Amino acid sequence: GCSSGLTGGGSEDAADGPIKIGMLAPFSGSESAFGEYMQNGAQLAVNEINADGGVLGRDLELLVEDDACDATTAVSGANKLVTDGIVASVGGYCSGATLPTLPIFDEAGIPMVIPAANSNELVDQGLPGVFLINGTGDQQAEAAVTYAKQIGATNVAVVDDATSYSADLAGAFTEQATAAGLDVAVSETITPGENDYSAVATTLATEQPALVYWTGYYQEGGLIARQAQDAGFDGVFLVADGSVDAKFAEIAGEGYTENVVGTFTQTPDMIEGADQWIADYEELAGDPPGPYSTQAYDAVRVMAQAIEDAGDTEFDNVVAGLEGLKDFDTFAGPLTFTDTHTLSGGGFVIVSIDPATGAFVLKDDLQG
Amino acid sequence: MMQLIWNGLIVGSFYALVALGYSMVYGIIKLLNFAHGDIYMLGAFVGFFTLSAFGISNETSIPLLLVVLLLSMVTTGLIGVGIERIAYRPLRRSPRLAVLITAIGVSFTLEYGVRQIFGPNPEAFPIRLESSGFDVLGMRVTASQIVLVVIAAVLMLVLAHIVERTRQGRAMRAIALDPTGAQLMGVNVDRVIAMVFFIGSALAGAAGVMAGAYYGSIDFLMGFIIGLKAFTAAVIGGIGNLYGAMLGGVLLGMLESFGSAWFGGEWRDVFAFGFLILFLTLKPTGLLGARVVERM
Amino acid sequence: MTLLEVKDADVVYGRVHALRELSFTVGEGEIVCLLGNNGAGKSTTMNMLSGLVRPRSGSVTWQGMDLTTAKPWDIVAAGLIHVPEGRRIFSTMTVHENLLLGGYTVRDQKAIATRLDEVYGMMPRLAERRGQQGGTLSGGEQQMVAIGRALIGGPKLLLLDEPSMGLAPLVVKQVMEIVASVNAAGTTVLLVEQNARAALKIADRAYVVETGSATLEGPAADLAKDPRIIEAYLGG
Amino acid sequence: MARDLDHALKHVPLRAPAPLYERPQPPKGVFSSQRGFMRALGLVAVLLVAVLPFMDASRYTMSIATSALIYVMLCMGLNVVVGYAGLLDLGYIAFFAVGAYISGIFTTVLGWPMWAALIATIVACITAGIIIGAPTLRLRSDYLAIVTLGFGEIIRITANNLKITGGPSGIHGIPTWSFGPWGFDDGFNLFGIDFPERVVFYYFVAAVVIVVGVIGAGRLAKGRLGRAWKAVRDDEDAAEAMGINTYIAKISAYIIGAVWAGMAGQLMATHLSAISPNSFQFLYSALILMAVVLGGMGSTPGVIIGALFVSLAPELLRDFAEWRYLIFGVLLVVVMLFRPSGLWPATAVLPWLRRTRPTPPAFTEATAVPASVMESVDGTPTTEAHEGDRA
Amino acid sequence: MSALLEVRDLRLQFGGVTAVDGLSFEVREGEILAVIGPNGAGKTSAFNCISGFYLPTAGSVVFDGKAIVRAVPAIWRRLGLVNLLQSFGFYRVLPSRVTKWGMARTFQNLRLFRELSVLENVTTAMHANLREGFWSTLLHTPGYRRAEAACVREARGWLDFVGFEDDEQLYVTQLPYGEQRRVEIARALATSPKLLLLDEPAAGLNFNEKQTLMRLIRKIRGLGVAVVLIEHDMGLVMELAERIVVLNYGKEIADGAPEDVKRNPAVIEAYLGVYESEDAS
Ligand SMILES: Nc1ncnc2c1ncn2[C@@H]1O[C@H](COP(=O)(O)OP(=O)(O)OP(=O)(O)O)[C@@H](O)[C@H]1O
Ligand SMILES: Nc1ncnc2c1ncn2[C@@H]1O[C@H](COP(=O)(O)OP(=O)(O)OP(=O)(O)O)[C@@H](O)[C@H]1O
Ligand SMILES: CC(C)C[C@H](N)C(=O)O
Ligand SMILES: [Mg+2]
Ligand SMILES: [Mg+2]
């Protein structure tokens, strides 16, 4: 729908055509690997819902735009989605690129369920239409601290990669760990996109913390895990959700994954009976699901449910629908939004690497 | 302390290998070849592709590595020559910055071309260098690191000898100074420039394979940062000067190593670049760059 | 015997028609001089012979071989060596390296060594400055390097474009002597000179080039007496 | 009347004798003079910018048009540095960042109004220009390139690490421009036509600033300062010999470039309402430089075209998703191969105004080839020496 | 009348090479002085020192009562920081300054602004004399317009003065060599000099052009501008110069009227050879 003329964009719903929902994700640039995982996850949900008769009797249509993990590209992408007439947004991977899109969707009256981006700042602004379904940094940090205490670590380290997600999480971890009486002995930052992390590795080897929390992505995570162990570090290598991917083990290499564990929300392969979902995904995408495929899938379903509950696509009604969700079934467990539009629990568990497949598998649900 | 120096030396060798090609190409046609880092990436992917095609994974054999190294060097060398032929040669008589832009264009093309073929995810390199280490002089050293540094040093010294001492090297420098004049000396300018691209690209390709085997992971953007770093190293050393490029690479590696130790990883590049700026302000021609006195 | 023959050569730069059906010949062992005003096309002729510019039509024949479209490096290998206008010294290379480059196409290392000695003998100033960077030489010193460099290549035909430009009177004389002696040793020379008087003294034959064509031709001694030449090039 | 002009020159001991004859004045008129045509073209461009919202006021169009205009501003600034003064700057985005961050911090953290932040931005950019320029402008171009690149990275990393700049997630909630009561948060009405969107209002704000910026940069380039820049670019020593303090000329180009970028940064910060260090990576410095070179260095229409190309091409290629950078890369190479001096070079002469230079007359009044012209004959042999037909 | 330019014991060394070795001479107001000497004698180097481009190792240069070469305190010398300080503009007078004081020069190899038109080349030289501020340029005030007009008028005046009659809008690279030389001189004059240094102005010119050049140099002197020229063309030098300074190996070996210099045996030996009048023209 190319709206032309003076009346401009806005989000008037065509009322009889498909219900358009938009997704911003990175398809170019350094984070571009994640865009496809998210798009496929979301598309799978859309297909399933449409096969079931759609929402309010209308089909869903997924519109995807690249945000390149960059503010400018994200803003024009968001504006394009608005212009194209979406009524809801289910995108957002990089917090830095998602932040500037918030006022655009807000002004246009478009509710957002953000599947991956999880900086606290997204909800700190208190915009009515913003919902996060990925656990926030605070929640994930809490899981990490719980685990650290559980294994009896007293001195811990944290390494981040200077991106907003990673730095936020590292900050939250440091704060909570200190509050819990742990000693955060090392706090390092690396530059992503490089190969050599011997500086960090050397520090870890000399300081020998019992546990190090890596809050960045698997590309660098695998390298750091390996280089740290080569340098002589032998504590626990705890990684955050950005690193939970089968590639981690491949990059780290054989023999470097025994002491690697991660904080993660549950994924299908950890849930009984999700094989079918994975098979469906592979049929659609041709590749196995990756990080944030499930969250994107869930985001669409959550949004669809809220619209169904609202009875129309009016902003206020959909927001009410989202706020009214009770124990909605998602991969990360039953979902109910808190007052601040985040997940109540976060649903973080501890995962470890299966030496046979290199995939992350459930190790501890932290319930005990 | 010793460990910091050693760490710096390892990274520095990679920078130096890539910087060498940068400096050569710059030296001869005054082109900041932004695609050079991507040749490094291509080298890694050529190695990855061949090895995967033969179904090899998780190997540690050094002879195999050398074979792959050679193969990648030849391939990237040829690709480098091809790029020069298509994208740079037609612009030899155009404003300098025009070629800079095609170089950026080539860089995009290579990066996203590889992305379309191999996908955006990082890949694990099929050959892994043995990485158990031993301690000497208070630093932890692995055998593969030593091999690495030795290979790099040998490649670099051979090259520097060629350029500084041989007839072809003299021809290269002559072209750098005045291509028309060089032609009048009977120098086949096209061939010499192609040769420079071949050598420079092959070196970058070698560095790419070595990085793949040493670090274990490769991705389509891996050349970007190292390209910048190599450029920086080449300039620190005095751009166009090959020994300078080597020295610059190692120095930059050290700077980074000490920078992150003293100021933390987040300030490392600020330290390295800050040092660079200060240094160039005081010594505007880099470490070994000749001061060119221009005649009035 | 005719060594070089240029026939009806036309060179065009964009909209400037620099050579128009230029024809001339150079015989073995001769010194041939091209005279002409600024912009007449003398340097263009030289550049065409050394392959830096290509004629649009016409032909260049060298010892029966067609050089019209040959590449500069092949032309050098064939024995035509050009000392260009503006000298084109490699500025950050030493005098010695500059001279060595002159021998780029020469395989025989011994020949290079003897010629180097000869050149240093002929121009002692260069021996004095052999380690100095070419770019820092004075104008005259650079001119000597340029000529010396060409000699190291062992030219069959030496193309000299205004070799006396910027030289002290004494050196002009020396250069002319060098040219004469090189010629005596068997090298054919094609000379372009603004200093017509000095040039005509050593030349065997001369051509007058006007707006891209050869308009007058004859033995140098005759031309030096031609009133038209005297008025236009020698000045009263 | 000639003597009326005297006080325009400082007192000088030596004055030229009056011209012997009046040289023919260049013709006037839109199609018969380069200048007239360019002015007309500029007017058309301004008109186009003004009527765009009346043709398509969708959020998307307005948003990318605003971004594109801001790019134009940015590129005009870089053009002063690279195109006029010939200083290769690979970290130009740093000044953009300084502008964006200063206005972001002053308006959000300190709560200043936008116009006050503008002053702070300009002051900060001048300072930044001096800090980086003062010690480094003596370097020759390639060294300058790396120093500026380093400076760009330093600014970005610093922004990424500091608290006040919001760390990696940057600053958000930057207020829009408003003029007293006119903030147009709820849209506005013009000539009875309803503009529902703030974006349209903001588009006009940006357009006005940028038109002024473009004209200003163009004017500076034509005056005394602009001549000094170009002289420095062509030949630094000769410029010194002409009484131009090359250092001051360069640093003034730098400062003006910085201010233009800073203003663009402020516009961008308000346009996006949020900024983060990610937007100031080296890649963007390269993109802006690309815009300037691609369009034609030192040429206002060229730079505008280049800026529009570089900012809009990725948008127009959006539908190709993953392919777009690949296509963009190939496109760049192809465009440069066909137009090596840019799409609209500074030396371009309108085709119908080209004059042929008469071939040199014979004998007495012959013309000559300067030795310097030969400089262009280089590389491969050719019958066509470049730019021989500039006249 | 006092000297306009006074050079005392000027010394310039490059590593081991002494390019200028204790040179002293002076230029009086309004005279034409020729500097001759073998290739590499240090003529151009001396020019470069005088006009502020090179920093001499020792000696003093005073132009119009102002010191061009500044003394550096010994402490900096001892610390070895002289070059660094001078490269930052301390203890030196920049060429642009020298030009503003009234000394203009041309270069041995033409140094015109190749991407500027003939007119722009000359207007650029008016830089120091022009009253144009930043804001007036931005706003195109009447003052700015007047200054621009004056600048163009003045530049045209100089172009006419040197006899340039071609199209002023051409790029300089499109001009014949002789015309380029003329434009370079016009450009130097436009800086409004009291002293003009010409480095081999006749090189590459043909007979007729040299005649024109001589007339032009006389005309310049007629304006009251002193001219110092380096030249190898003895005919031109002998006819034009009122006084000749001869250099050899950086030292002055003769200074005097043309007739005397011509017969000076040292000069004949080092430079002229057996002077043949016919070689000159
Ligand atoms: N690269 C070029 N581009 C355009 N025109 C050129 C070029 N080179 C030479 N010309 C033109 O070709 C004509 C002949 O020039 P050429 O250099 O051959 O003259 P010349 O006889 O050597 O003069 P001079 O005595 O000044 O060296 C001149 O009109 C000149 O303007
Ligand atoms: N930058 C430098 N480094 C080393 N030596 C230099 C440098 N500049 C000049 N020289 C030397 O200083 C001496 C004087 O050179 P200069 O150019 O002043 O000579 P000149 O008298 O102008 O000669 P010409 O008549 O040939 O132009 C020369 O021997 C030259 O080699
Ligand atoms: C793990 C990722 C979903 C975090 C995301 N990159 C963010 O910026 O919030
Ligand atoms: Mg010539
Ligand atoms: Mg000289």
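Just so it is clear: chains get the letters A, B, ... in the order the sequence lines come, proteins before strands, and each one is counted from 1. Remember, predicted model here, so these are calculated numbers, not experimental data.
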State, with a plain yes or no, whether a side-chain heavy atom of N188(B) is found less than 4.5 Å away from one of K71(C).
no
Measuring from atom [atom1] of [X] to atom [atom2] of [Y], what distance do you get when rounded to the nearest 0.5 angstrom?
X	Y	atom1	atom2	value
I81(C)	M185(B)	CD1	CE	7.5 Å
T180(B)	L52(C)	OG1	CG	6.0 Å
E97(C)	R170(B)	CD	CZ	6.5 Å

Contact summary for [X] and [Y], nearest pair of heavy atoms:
X	Y	result
L101(C)	A174(B)	CD1-CB, 3.3 Å
P72(C)	Q183(B)	CG-OE1, 2.8 Å
L184(B)	P84(C)	CD1-CG, 3.6 Å
V187(B)	Y104(C)	CA-CE2, 3.6 Å

Are more than 12 heavy atoms from other residues, nucleotides or ligands located less than 6.0 Å from atom NZ of K30(B)?
yes
When heavy-atom pairs shorter than 4.5 Å are enumerated against chain B, which of L80(C), I89(C), L100(C), L159(C) gives the highest number?
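Greatest number of close heavy-atom pairs with chain B: L100(C).
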Contacting region of R87(C) [heavy-atom separation from chain B under 4.5 Å]:
neither
Tell me, please, whether F90(C) has R173(B) positioned over its six-membered ring: NZ or CZ under 6.0 Å from the ring centre and within 45 degrees of its axis?
no
